[in-house]
Chemist: 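I am attaching a structure below and will ask some questions about it afterwards.
Counting convention: from 1, in listed order, for ligands and their atoms alike.
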Amino acid sequence: MMARPPLVAGNWKMNKTVAGALRLVEEMLPGLQAVGGVEKLLCPPAPALMPLSAILDGKNIGLGAQNLYWEKEGAYTGELSAAMVKEFCQYVILGHSERRAIFNESDADIQRKVQAALAAGLRPVLCVGETLEQNEAGRAAEIVSSQLRAALEGAQVDSAEALVIAYEPVWAIGTGKAATPEATNTLLRNVVRPTLAGLFGEHVATSVRVLYGGSVNAANGASFFAETEIDGALVGGASLKAQEFVGIVQAAQQK
Ligand code: PEP
């Protein structure tokens with residue numbers, strides 16, 4: 001099996017002004033830098049990307065945007081292109097359930113965004129996950145597999161190695177009700193990796209990192225990282241608290 005270095009990513013969503021972002025990074029930086037063997041990634045709101053890229057330069061902490069638009073440039077008021085994101089970032093979160101639910105992003109939109117990100121040399125953190133209703137109807141596997149196939153249609157095998165997948169059951173996001181590590185591991189083993197294998201072959205399926213996201217915190221992080229298929233976490237609420245986020249990164253060191 002390929003070595004998959006653990007990755008812990010913080011999605012700050014629409015929180016923190018630039019001044020607040022600088023304060024938060026200053027607070028977490030010593031703790032993050034003290035942990036080796038774990039890749040760390042911060043995804044602040046767009047205005048904070050430029051100042052944080054200067055501060056994080058040479059510190060081995062990655063930067064990611066929370067979205068992009070697939071067109072290269074032009075009359076798309078309010079949008080950011082992949083090239084604009086690439087000026088400051090290595091990663092971009094795509095297909096987050098909030099983008100799907102609140103901003104009506106379709107699988108086809110997400111597929112175009114994934115293509116644009118990969119073409120620009122950005123690494124997508126592609127989010128997939130079922131709603132509570134779909135989960136209760138026993139449809140988690142079907143939904144996750146179909147979201148993956150739709151978003152990754154047309155991606156080339158060599159660029160697919162740049163992907164990170166985040167399995168984020170919608171019912172676990174921001175609710176304090178995390179999925180169980182065991183059920184997550186089973187879904188990753190039986191659905192996420194076989195879907196990747198079907199699209200890109202075994203090599204990609206075993207080398208791409210698959211994160212869990214949904215109410216991860218410093219207290220429960222280790223239980224997820226103990227599972228063989230879970231390569232890290234995408235963290236929302238707890239990534240806005242320096243001690244919590246550092247605690248999750250420390251927990252990932254055990255992998
Ligand atoms: C998220 O929004 O990606 C997320 C996982 O949020 P939270 O950690 O707050 O559940």
Chemist: Any heavy atom of Gly174 sitting closer than 4.0 Å to ligand 1?
Modeler: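 Distance cut 4.0 Å: Gly174 passes for ligand 1.
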Chemist: Within a distance under 4.0 Å of any heavy atom of Ser215, pick out the atoms of ligand 1 and give their elements.
Modeler: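 Matching atoms, with element in brackets: 7 (P), 8 (O), 10 (O).
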Chemist: Please could you name the atoms of ligand 1 that Gly237 approaches to less than 4.0 Å, counting only its heavy atoms?
Modeler: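 What qualifies from ligand 1 is 7 (P), 8 (O), 9 (O).
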Chemist: For ligand 1, is there an N or O atom under 3.5 Å from any N or O atom of Thr175?
Modeler: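 There is no such contact.
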Chemist: Compare every heavy atom of Gly214 with every heavy atom of Ala178, then report the nearest pair and how far apart it is.
Modeler: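 Smallest heavy-atom distance, with atoms named: CB-O, 3.4 Å.
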Chemist: Identify, with sequence neighbours excluded, every residue that meets side-chain hydrogen bond (donor to acceptor under 3.5 Å, both in side chains) alongside Asn135.
Modeler: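 Partners of Asn135 under the side-chain hydrogen bond (donor to acceptor under 3.5 Å, both in side chains) test: Glu130.
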Chemist: Provide the number and element of each atom of ligand 1 under 4.0 Å from a heavy atom of Ala172.
Modeler: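 What qualifies from ligand 1 is 10 (O).
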Chemist: At what distance is the nearest protein heavy atom to atom 3 (O) of ligand 1, and which residue and atom is it?
Modeler: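 Result: Glu168 OE2, 2.8 Å.
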Chemist: When you measure from atom 8 (O) of ligand 1 to every protein heavy atom, which one gives the shortest distance, and what is it?
Modeler: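 Looking only at protein heavy atoms, the one closest to atom 8 (O) of ligand 1 is Gly236 N, 2.8 Å.
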Chemist: Can you list the ligand 1 atoms lying under 4.0 Å from a non-hydrogen atom of Gly214?
Modeler: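 Taking each heavy atom of Gly214 in turn, ligand 1 has 5 (C), 10 (O) under 4.0 Å.
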Chemist: Tell me, which protein residue and heavy-atom name are nearest atom 1 (C) of ligand 1, and how many Å apart are they?
Modeler: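 Among all protein heavy atoms, the one nearest atom 1 (C) of ligand 1 is His96 NE2, 3.2 Å.
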Chemist: According to the interplanar angle, ranging from 0 to 90°, do the rings of Tyr212 and Phe224 count as parallel (below 30°), tilted (30 to 60°) or perpendicular (above 60°)?
Modeler: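 Tyr212 and Phe224: parallel rings.
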Chemist: Would you give the length of the straight line joining atom CG of Leu94 to atom CG of Leu118, rounded to the nearest 0.5 angstrom?
Modeler: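 Leu94 CG to Leu118 CG: 9.0 Å, rounded to 0.5 Å.
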Chemist: Who pairs with Arg189 by side-chain hydrogen bond (donor to acceptor under 3.5 Å, both in side chains), at least two apart in sequence or on another chain?
Modeler: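 So Arg189 forms no side-chain hydrogen bond (donor to acceptor under 3.5 Å, both in side chains) with any residue.
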Chemist: Starting from atom 2 (O) of ligand 1, what is the nearest protein heavy atom, named by residue and atom, and what distance separates them?
Modeler: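 The closest one turns out to be Lys13 NZ, 2.5 Å.
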Chemist: Looking only at heavy atoms, what is the nearest atom pair of Ile93 and Cys127, with distance?
Modeler: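 The answer is CG2-SG, 3.8 Å.
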Chemist: Quick one: pull up CD in Gln134 and CD in Glu136 and give me the separation to the nearest 0.5 Å.
Modeler: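 Output value for this atom pair is 11.0 Å.
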